[in-house]
Amino acid sequence: MQDRKVVIEELKSQIDKDKLPSHVAIIMDGNGRWAQKKHLPRTAGHKEGMERVKEIVEVASNLGIKYLSLYAFSTENWKRPEEEVNGLMKLLVQYLRMELNNLNKNNVKIKTLGNIDGLPKLPREEVIRAVELTKNNNKMVLNIALNYGGRNEIVTGVKNILKDVKMGKMEIEDLTEENFQEYLYTISQPDPDLLIRPSGELRISNFMLYQIAYTEFWFSNIYWPDFREENFYQAIIDYQKRDRRYGGI
Ligand code: IPE
Ligand code: IPE
Ligand code: MG
């Protein structure tokens with residue numbers, strides 16, 4: 001235990017506070033395999049994954065990260081057995097009920113990415129309550145991606161643009177890469193600087209397709225329930241060594 005504390009402090013000291021990524025996105029993956037490895041039901045993995053959400057939200061906020069986006073449930077995750085989907089929705093409600101006051105006290109603003117109308121009533125209501133309660137907070141924005149799909153986000157945005165054009169609120173010629181972003185769930189937020197995907201999969205799985213054009217990727221074999229404070233710091237340290245050229249030299 002003492003050793004772990006030493007490791008954490010050592011890693012933390014390597015982080016350049018002036019070069020923090022302002023937006024970190026995480027694809028929280030590997031809960032099922034973590035549970036399987038331990039001969040536990042998949043839901044046990046999701047439950048332990050929720051502990052990591054609590055930990056990493058606190059760590060990111062204390063470090064000074066301004067935007068943290070967590071991929072919690074994709075538009076494709078509905079394909080899973082009903083029991084697992086219900087378990088995930090239950091955990092979401094549990095997380096919000098347990099953590100909302102704490103998040104609010106810590107000045108965290110909760111936002112959602114995704115089509116919230118498509119969620120079952122209870123989680124939908126809890127999420128709306130959380131967004132409403134924390135809307136004036138300004139230490140860190142916590143984006144929770146729920147019923148989120150990157151393609152769905154883009155198509156929804158295009159539909160809204162077409163509506164605005166039809167109603168005369170926008171001219172086709174005025175559409176730019178910049179104002180297109182106002183039609184995305186991440187409206188008025190910077191693009192992720194760093195995207196973390198644990199669990200060993202080397203793919204994006206439909207996350208923030210428009211926003212990750214110049215995001216730095218950090219992959220790891222660690223399953224999400226094993227992803228701790230020290231792993232988060234390591235990702236930041238590695239990110240700070242990258243040379244972001246944006247097509248320049
Ligand atoms: C991530 O873990 C949680 C969600 C997608 C909701 P998984 O449940 O995908 O875990 P693996 O990938 O099967 O191990
Ligand atoms: C991505 O994980 C979605 C979330 C973490 C919420 P998946 O487990 O659904 O992704 P695939 O199926 O491995 O691509
Ligand atoms: Mg997975």
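Hydrogens, waters and symmetry mates are skipped; everything else that's a heavy atom, side chains included, is used. Both counts, for ligands and for their atoms, begin at 1 and track the order of listing. Each residue takes its place number in the sequence, starting with 1.
- Nearest protein heavy-atom contact of atom 1 (C) of ligand 1 is M28 O, 2.9 Å.
- At a heavy-atom distance under 4.0 Å, no atom of K79 approaches ligand 2.
- Considering backbone and side-chain atoms alike, E201 places every N or O at 3.5 Å or more from each N or O of ligand 2.
- Using a 4.0 Å cut-off between heavy atoms, R42 contacts ligand 1 through its side chain alone, with no backbone atom that close.
- Taking 4.0 Å as the cut-off, R80 counts as a neighbour of ligand 2 on heavy-atom distance.
- Proximity of F207 to ligand 2, defined as any heavy-atom pair under 4.0 Å, is not found for any part of the residue.
- Here R197 has side-chain heavy atoms under 4.0 Å from ligand 2, and that is the only part of it that gets that close.
- In terms of polar-atom proximity, defined here as any N/O pair under 3.5 Å, S74 makes no such contact with ligand 2.
- The nearest protein atom to atom 10 (O) of ligand 1, hydrogens excluded, is given as G32 N, 2.9 Å; this is a heavy-atom distance.
- Between A72 and ligand 1 there is a heavy-atom distance shorter than 4.0 Å.
- Annotation: side chain of R228 is in contact with side chain of R52 (closest heavy-atom distance under 4.5 Å).
- Between L88 and N77, every side-chain heavy-atom pair lies at or beyond the 4.5 Å cut-off.
- By the criterion of a heavy-atom distance under 4.0 Å, the side chain of R203, and not its backbone, is placed next to ligand 2.
- A donor-acceptor pair shorter than 3.5 Å cannot be found between the side chains of Y210 and Q181.
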